[in-house]
A.B. asks: 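Quick one: this structure, given as structure tokens, is what I'll be asking you about.
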Amino acid sequence: MDELTRARRLTRLILNSTLVAMWLVVAMYSVGALGAGLAARWQIAAATVMTAAFTWLYLRISDAVFERTFLAREVTAAGALALATCAVAGPAIVGWGFVAITWVSVAVVGVSRRVMFAQLAGTWLVLTALSAAWALSGRLAFLPADAPAVVDIVMSGVTYLIICAFTPLSNRLWVYIWHLAAKAHQAKETQARLAVAEERLRFARDLHDLVGHQLSALAVKSELAVRLADGDTAAAKAEMAEVRDLSRKALRELREAVRGYRELDLPAELESVRSVLEAAGVRCRLQLPYREVPEEAAKVFAYVVREAVTNVLKHSTATSCDITLRFTDEESTLEVRNDGVARKRAVDLGSGLTGLGERLAGVGGKLTALPNGDGEFTVKAIVPR
């Protein structure tokens, strides 16, 4: 499971935890209300059925939140059920009134501020009005039975005002944070695709600049040789000799171009990955020796740096990456450490790192890629001198 999927599940769990709290509250209240004679069995039964339907609608609304979809009909129907439940079984704050609070906690997600404030104000007004009606009939029981009804009404209104002002905003904040994470993840993928496209364009440009002229000359010379073949054999042979020389030159330059891409330059690669990481919002620190790394190790380390940083960008949620190079008379060591652990790497290195391990083994070295147990992931390559 990737980090974005895990964040989505966590956010959904937080949204739906309000439902769990709602059912616990109404269950405990119902037992007490039946025992105190504040509600009849039919009222509790009717409220339970309506709350079950409300729960189904709530789950549909919370799922749609992640797709940036506002289900207006479902929200309206859920609000009507919440209101009906409060009207039938009572708007007690620690009872069936919590159903309305649960409704507004998800209804405010994904709407404009104006609509949100209207929903919060409307919920408060309706719950306060219902509380007043039940307090006047002596069935609200917010305070002791000998307390005046007006005190019940005031206390209910103030409590609901506080709840409506703060409680629903937490869900709205959680979903907002998740959407920011989704946008960041999408931007990272887009950046990786753009980097690949830019590299392809650069490779095409270099090939054109290196061998384009020779290939054009080959086409012209070969056409000329064909025209001269019947009338001037010696001239045709001369042209074909030039074709041969040009083709050899073009082949040599093409091989040099490909070799330049296959044999990476470690200093250039280090600067390149640092700029890419910082552009992606990952702080990069290079800790390099004052002397040049031995040539044999430098060639392999360049591949390790590129693959390790690619994995940081693709598979982790790192905010920092440390690249350390050191060598002694016995061995050269490269470490790429980031704080965005991808746990699956502990058992599955992937084809890229596996290929690097084989490359290092070819020069007598070894590669490890494991989480450190403290939230960090380290790729370590060692090449003997």
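By convention here, the first residue in the shown sequence is residue 1. This structure is a prediction, so every number in the text was calculated from the model and none was measured.
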A.B. asks: Apply side-chain contact (heavy atoms from CB on, under 4.5 Å) to residues L270 and V305 and explain how you reach the verdict.
C.D. replies: CA-CA 7 Å; L270 288 170; V305 168; 3.9 Å; yes

A.B. asks: Within the structure provided, determine whether L15 and S17 are in side-chain contact (heavy-atom separation under 4.5 Å).
C.D. replies: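 No - every pair of side-chain heavy atoms lies 4.5 Å or more apart.
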
A.B. asks: Do L34 and W23 sit in one hydrophobic cluster, given that two such residues count as connected whenever their side-chain heavy atoms are within less than 4.5 Å of each other, even indirectly?
C.D. replies: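 They do share one cluster, since a chain of ILVMFWY contacts under 4.5 Å joins L34 to W23.
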
A.B. asks: Is it true that a side-chain atom of E335 and a backbone atom of K380 form a donor plus acceptor pair closer than 3.5 Å?
C.D. replies: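 Side chain of E335 to backbone of K380, a donor-acceptor pair under 3.5 Å: no, none is there.
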
A.B. asks: Looking at D339 and E376, would you say the former's side chain and the latter's main chain have a donor-acceptor pair under 3.5 Å?
C.D. replies: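 Between the backbone of E376 and the side chain of D339 there is no qualifying donor-acceptor contact (under 3.5 Å).
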
A.B. asks: Test of understanding: clusters of I, L, V, M, F, W, Y form through side-chain heavy atoms closer than 4.5 Å, transitively. Do L24 and I14 belong to the same one?
C.D. replies: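 Result: no, two separate clusters.
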
A.B. asks: Test side-chain contact (heavy atoms from CB on, under 4.5 Å) on T333 and F327 and set out the steps.
C.D. replies: CA-CA 6 Å; T333 304; F327 64 91; over 6 Å; no

A.B. asks: Within this structure, what is the CG-OG1 distance for the pair L161 and T123, rounded to the nearest 0.5 Å?
C.D. replies: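 So the CG of L161 and the OG1 of T123 are separated by 12.0 Å.
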
A.B. asks: Given the rule that I, L, V, M, F, W and Y join up when any side-chain heavy atoms are under 4.5 Å apart, are V49 and I44 in one cluster?
C.D. replies: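 No, it is not one cluster - the side chains of V49 and I44 are not joined through contacts under 4.5 Å.
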
A.B. asks: Classify the side-chain pair T51/W96 by whether it contains a donor and acceptor separated by less than 3.5 Å.
C.D. replies: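 No, because no side-chain N or O of T51 sits under 3.5 Å from a partner of the opposite role on W96.
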
A.B. asks: Specify the closest pair of heavy atoms between W103 and A82, including all atoms of both residues, with the distance to one decimal.
C.D. replies: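 Closest approach of W103 to A82, heavy atoms only: CB-CB, 4.2 Å.
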
A.B. asks: Would L228 end up clustered with V226 when hydrophobic side chains under 4.5 Å apart are linked, directly or stepwise?
C.D. replies: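 Different hydrophobic clusters.
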
A.B. asks: Run the numbers on T18 and V106 for side-chain contact (heavy atoms from CB on, under 4.5 Å), then give the verdict.
C.D. replies: CA-CA 9 Å; T18 310; V106 75; over 6 Å; no

A.B. asks: Hey, could you give me the CG/CG distance between L266 and L288, rounded to the nearest 0.5 Å?
C.D. replies: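 Between atom CG of L266 and atom CG of L288 there are 8.0 Å.
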
A.B. asks: Among V336, V379, N338, which residue meets the side-chain contact (heavy atoms from CB on, under 4.5 Å) test with I323?
C.D. replies: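 The residue from V336, V379, N338 that satisfies side-chain contact (heavy atoms from CB on, under 4.5 Å) with I323 turns out to be V336.
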
A.B. asks: To the nearest 0.5 Å, how far apart are CG in L127 and CZ in F98?
C.D. replies: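 With rounding to 0.5 Å, CG (L127) is 11.5 Å from CZ (F98).
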
A.B. asks: Side chain of S247, backbone of R244: donor and acceptor closer than 3.5 Å?
C.D. replies: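 Yes: the side chain of S247 pairs with the backbone of R244.
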
A.B. asks: Determine whether R283 and R285 satisfy the following criterion, side-chain contact (heavy atoms from CB on, under 4.5 Å), listing intermediate values before the conclusion.
C.D. replies: CA-CA 7 Å; R283 186 175 65 258; R285 293 186 292 267; 2.9 Å; yes

A.B. asks: State whether the side chain of E307 and the backbone N or O of V304 hold a donor-acceptor pair below 3.5 Å, judged by distance alone.
C.D. replies: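 Absent.
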
